[in-house]
Participant: 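One structure coming up, written as structure tokens, with questions to follow.
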Amino acid sequence: MATKSKRLRARAALLCLLLLVISVAALGQDQPLRIKYRLAMSHPNSHLFWVNIEVGLPPDAKLESLDFQMPKWSPGRYAVFDFAKNVQEFNATAPAFCPEATGCGVVVTVPVSRIDDQTWRVAPSGNHSFVVSYKVFANDLSGTFSQLDSRHANVNGGCIFMYVVRHKQDPVSLSINQPKGWRVVNGRTESENQSEWQFPNWDIMTDTPTEIAPDWTEDDFKVGDKQYHVVVHSLGNEGGKRPALARDIEKIVRTETAMWGAPEFDSYTFLIHFAADGHSNDGMEHLTSTQVIESGSLADRGMYEDTLDAVAHEFFHVWNIKRLRPIELGPWDFTRPANTRGLWIGEGITNYYGHLIQRRAGLWDDAKFLSTLSQQITEVENAPGSRLMSAEESSLSAPFIDDAVHAQQTNLANTSVSYYPKGEVLGVVLDLSIRRKTGGRASLDDVMRRMYEEFYLKSPNATYYLRGRGYKNEDFERMATEVAGADMSDFFKRYAIRLLNEPEYLYSPMIGYPLQMPLQLFRSFHSPIL
Ligand SMILES: [Zn+2]
Ligand SMILES: [Zn+2]
């Protein structure tokens, strides 16, 4: 008995020790760090951003090393770009130890090593604070890359800021040191000449693109109690169209907020570039801002309309995809591409509403709206890949088809279909089906609103990243069924999922659905309430 109880006591002591070791290790690893980012750009013509990351460790931390990682891609554009390829001169320093106040102010080099294609390892060697520094080459104006040149700095954080591995959830601050005479603005600017920001985590910091230039303009308006800023950097002639552009953007904001209800922010910034370089063209959604980049001058024919089209789409993302989001879209693992089946909902249905909203806002007439839908239907029907790839598979193929660059020849032009037009056409058919099944009493608007309410507004936070939780495609199908008051599973199976092992679904024609609509319903389906 005695021997047994001694053995039990020894085992219990060992267990306690083990738990202590584990909890100390966990404390050292996962206690939040103090992380400060500094961004400088003293030589714009070099296209080199200078990044400093100041890290403060908890007093009791005994870290052997800390890893700093460049994402392989950034949210909203799903191709893998390996941002680490533009990083150079990575190093780390720490304040020199000075017990007698001699040698203070001297810095010592902290050992660093590169451990894989995207990761640099820093060994603090007993220092409780150190600074990582590196440069990033950036000369592309887009919603994903960044650009620094003599005209401006346009910053998308995903390709500029490394995160600290296992500490992406920690609060961070950002301080920007811009060239003399240049002004800084982003979707979280609260005061003039602001140069410092606090963010709840790295993800939110990189979700906040920043424009820095001497000559951008700003037009403001208010909808409800929310402030909107239209920041335009024109690298070409505006033809006097900017004031009208801001007024029409306001119409889009009013129409979209009328559909969804008040958005969850105090202010929102449209960062718009007119880049007369002929190749910059993009739109990117963020929580409190968007980057819209048009490849030409505002004065150019069609540019004004193109800009509103992009704005209507990107602002709809405030709700659909940024806050109401597929479960895989945040927080992300940036060591591998995102895999989600939901982009036909997040992007395709946003494409549909981007067009619908312009009709509802009075910017388009019926003819323009219907001819645009007809183009989308034609694109889907004529794409050879639409007979081989379902909307869900298209979403999963995003890393290959969303602006991906291919070194080898591919057959994707024949085997893939984009989730933008495909999802838009599915949105039209789903909307019409719900309107028909409910006698016009409900529509896709109700599905979107109820999804937003259930998964964003009313769900407890599932992660550190953002309010609410992500949805699965099956949740969207369930909501469509609830709103339609009729089983919609056949629609999803036939047109969105189209299982590969069920060949009878492979060649289902989609367009039969809208043609069954009473003409009156079809003519007026762009109105929110019939
Ligand atoms: Zn600019
Ligand atoms: Zn989009």
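Predicted model only: the values in this text are computed from it and were never measured. Just follow the structure's listing: the first ligand is 1, and inside any ligand the first atom is 1. For the single chain, residues carry numbers from 1 onward in sequence order.
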Participant: Would you mind naming the N, O or S atom of Glu347 nearest to the Zn ion (ligand 2)?
Facilitator: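 For Glu347, the N, O or S atom at the smallest distance from the Zn ion (ligand 2) is OE1.
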Participant: Decide whether a cation-pi geometry holds between Arg467 and Tyr456; the criteria are a distance under 6.0 Å from NZ or CZ to the six-membered ring centre and an angle within 45° of the ring axis.
Facilitator: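 Judged by the rule (NZ or CZ under 6.0 Å from the ring centre, within 45° of its axis), Arg467 counts as positioned above Tyr456.
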Participant: With no hydrogens and no angle check, do the side chains of Asn139 and Gln147 hold a donor and an acceptor under 3.5 Å apart?
Facilitator: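 The criterion, which ignores hydrogens and geometry beyond distance, is satisfied for Gln147 and Asn139.
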Participant: May I ask you to say whether Arg478 pairs ionically with Glu474, meaning some side-chain N is under 4.0 Å from a carboxylate O?
Facilitator: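 Judged by the 4.0 Å cut-off on N to carboxylate O distance, Arg478 and Glu474 do not form a salt bridge.
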Participant: Looking at the Zn ion (ligand 2), is there an N, O or S atom belonging to Glu314 that lies under 2.8 Å away from it?
Facilitator: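 So Glu314 does not bind the Zn ion (ligand 2) by this criterion.
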Participant: Compare every heavy atom of Leu287 with every heavy atom of Lys322, then report the nearest pair and how far apart it is.
Facilitator: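 Where Lys322 meets Leu287 most closely, the heavy atoms are CE-N, 3.8 Å.
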Participant: Return the name of the atom in Glu211, of element N, O or S, nearest to the Zn ion (ligand 1).
Facilitator: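 Sorting the N, O and S atoms of Glu211 by distance to the Zn ion (ligand 1) puts OE2 first.
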Participant: Which atom, among the N/O/S set of His152, is closest to the Zn ion (ligand 1)?
Facilitator: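 Sorting the N, O and S atoms of His152 by distance to the Zn ion (ligand 1) puts ND1 first.
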Participant: Which word best sums up how the rings of Phe81 and Phe83 line up, parallel for under 30°, tilted for 30 to 60°, or perpendicular for over 60°?
Facilitator: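 It falls in the tilted class, 30° to 60°.
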Participant: For the Zn ion (ligand 1), give me the closest N/O/S atom belonging to His273, just the atom name.
Facilitator: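 Closest N, O or S atom of His273 to the Zn ion (ligand 1): NE2.
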Participant: Tell me, which N, O or S atom in His233 is closest to the Zn ion (ligand 1)?
Facilitator: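 For His233, the N, O or S atom at the smallest distance from the Zn ion (ligand 1) is ND1.
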